[in-house]
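The structure appears below as structure tokens.
Side-chain atoms are counted along with the backbone in the values below, which use heavy atoms only and exclude waters and symmetry mates. Predicted model, so just to flag it, every value in this text is computed and none were measured. Letters A, B, ... mirror the listed sequences (proteins, then strands); counts begin at 1.
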There are 2 protein chains.
Amino acid sequence: MGTVCELTGLSERRIRYYEERKLIFPDRTSTGFRKYSFSDIEKLMDIAEKVEEGVQTDEIRRDYKKKETDADLKKKMIRGQLNSHFQRSGFK
Amino acid sequence: MGTVCELTGLSERRIRYYEERKLIFPDRTSTGFRKYSFSDIEKLMDIAEKVEEGVQTDEIRRDYKKKETDADLKKKMIRGQLNSHFQRSGFK
DNA sequence: CGTGTAAGGAATTCTGACACG
DNA sequence: CGTGTAAGGAATTCTGACACG
């Protein structure tokens, strides 16, 4: 969408390419038009910054993946702490 | 925009008509496409509700106008109160 | 590897009008 | 008065490819 180009300052080509490299995952309308979310836009600006620093898209993708698994790990740790807490306190 | 139809559940025709009746004022792109803001969308849903209650667009517009001048009055009153406060307290 | 561009088709949006009521 | 619809044109978006490097 042109709106996204405006907001991010990126060309359509670059935005589509970052999607092709699996860095963003916009929804589609039933007729194939891309629908960008707010976080897509933030992500695009973050990606552009890194690319301009010379980071390759592969590496950026790996970074995002790592961050996700990190977030997952954090969730699991918190869940584990909660569980042990309830056990210690004798909560059902 | 189709997005706005989806979000509001209104037909293009209705949305354009409410603009024609000066209830909303979307921006335009350089090529004449409408650009709706968040508040436009909220306003549209509000308008639709009233229209379905049988209120005429003229009346709705007058209501909005009144609310605006009310808001202006409120601002002026607050400003006045602040001024007198500063005067009483000897502020510069 | 990352990005520009020309190409052709498909979907969107725009306006002004006619219709109904 | 408020809304639907068919009409034709203009602008947008999409994909796949060729180019440069």
- When rounded to whole Å, the CD1 to P distance for the pair A/Ile15 and C/dT3 reads 11 Å
- Message: Tell me the closest heavy-atom pair linking B/Phe25 and B/Asp40, and the distance in Å.
- Response: N-OD1, 4.2 Å
List, with names and distances, any nitrogen or oxygen atoms from the protein found under 3.5 Å away from nitrogen or oxygen atoms belonging to nucleotides 15-17 of chain C.
| from | atom 1 | to | atom 2 | distance (Å) |
| --- | --- | --- | --- | --- |
| C/dT15 | OP1 | B/Arg28 | NH1 | 2.9 |
| C/dT15 | OP1 | B/Arg28 | NH2 | 3.2 |
| C/dT15 | OP2 | B/Arg34 | NH1 | 3.1 |
| C/dT15 | OP2 | B/Arg34 | NH2 | 2.7 |

- Query: Touch check for A/Thr29, heavy atoms < 4.0 angstrom, all strands: base, sugar-phosphate only, or nothing?
  - Reply: nothing
- Spacing between A/Lys35 atom NZ and D/dC14 atom P, to the nearest angstrom: 13 Å
- Query: Roughly how many Å is it from CZ in A/Arg14 to C1' in D/dC14, rounded to a whole number?
  - Reply: 20 Å
- Query: OP1 or OP2 of C/dG2 less than 4.0 angstrom from a side-chain nitrogen or oxygen of A/Tyr18, does that happen here?
  - Reply: no
- Message: Strictly below 4.0 Å, N to O, side chains only: are B/Asp46 and B/Lys43 in salt-bridge contact?
- Response: no
- For A/Phe38, does the CZ atom sit with more than 12 other heavy atoms under 6.0 Å from it, leaving out its own atoms? no
- Item | Position toward the 5' end of DNA chain C (nearest nucleotide), A/Thr31 or B/Tyr36 | A/Thr31
- Query: Please, which pairs that meet salt bridge (charged side-chain N to carboxylate O under 4.0 Å, His left out) have at least one residue in residues 67-80 of chain A, sequence neighbours excluded?
  - Reply: A/Lys66-A/Asp70
- Phosphate OP1/OP2 of C/dT3: any A/Tyr17 side-chain N/O under 4.0 Å: no
- Find out whether B/Ile47 and B/Leu10 are in side-chain contact, i.e. whether some heavy atom of one side chain is under 4.5 Å from a heavy atom of the other. no
- Query: How about B/Tyr64 and B/Arg61: do any of their side-chain heavy atoms sit closer than 4.5 Å?
  - Reply: no
- Per the under-4.0 Å heavy-atom filter, residues of residues 51-68 of chain A near DNA chain C come out as A/Val51, A/Gln56, A/Thr57
- Item | Which nucleotides of DNA chain C pair, in dot-bracket form (Watson-Crick or G-U under 3.5 Å, | meaning another strand) | .||||.||.|.|.||.||||.
- Query: Taking only residues two or more places apart in sequence, or in another chain, which ones meet A/Thr57 in a side-chain hydrogen bond (donor to acceptor under 3.5 Å, both in side chains)?
  - Reply: A/Arg21
- Query: Looking at residues at least two apart in the chain, or sitting in another chain, which of them share a side chain to side chain contact (heavy atoms under 4.5 Å, CB included) with A/Gln81?
  - Reply: none
- Atom pair distance, as rounded to whole Å: CG in B/Leu10 and P in D/dT3: 9 Å
- Item | For atom CZ of B/Phe33 and atom C1' of C/dT13, their distance in whole Å | 4 Å
- Message: Do B/Val51 and B/Tyr18 have side chains that approach each other closer than 4.5 Å (heavy atoms only, starting at C-beta)?
- Response: yes
- What is the minimum heavy-atom distance between A/Lys50 and A/Asp63, and which atoms define it? NZ-OD2, 4.4 Å
- Rounded to whole Å, the CZ-C1' distance (B/Arg21 to D/dG2) equals 9 Å
- Message: Quick one, A/Arg34 and A/Arg28 - any side-chain contact, counting heavy atoms below 4.5 Å?
- Response: yes
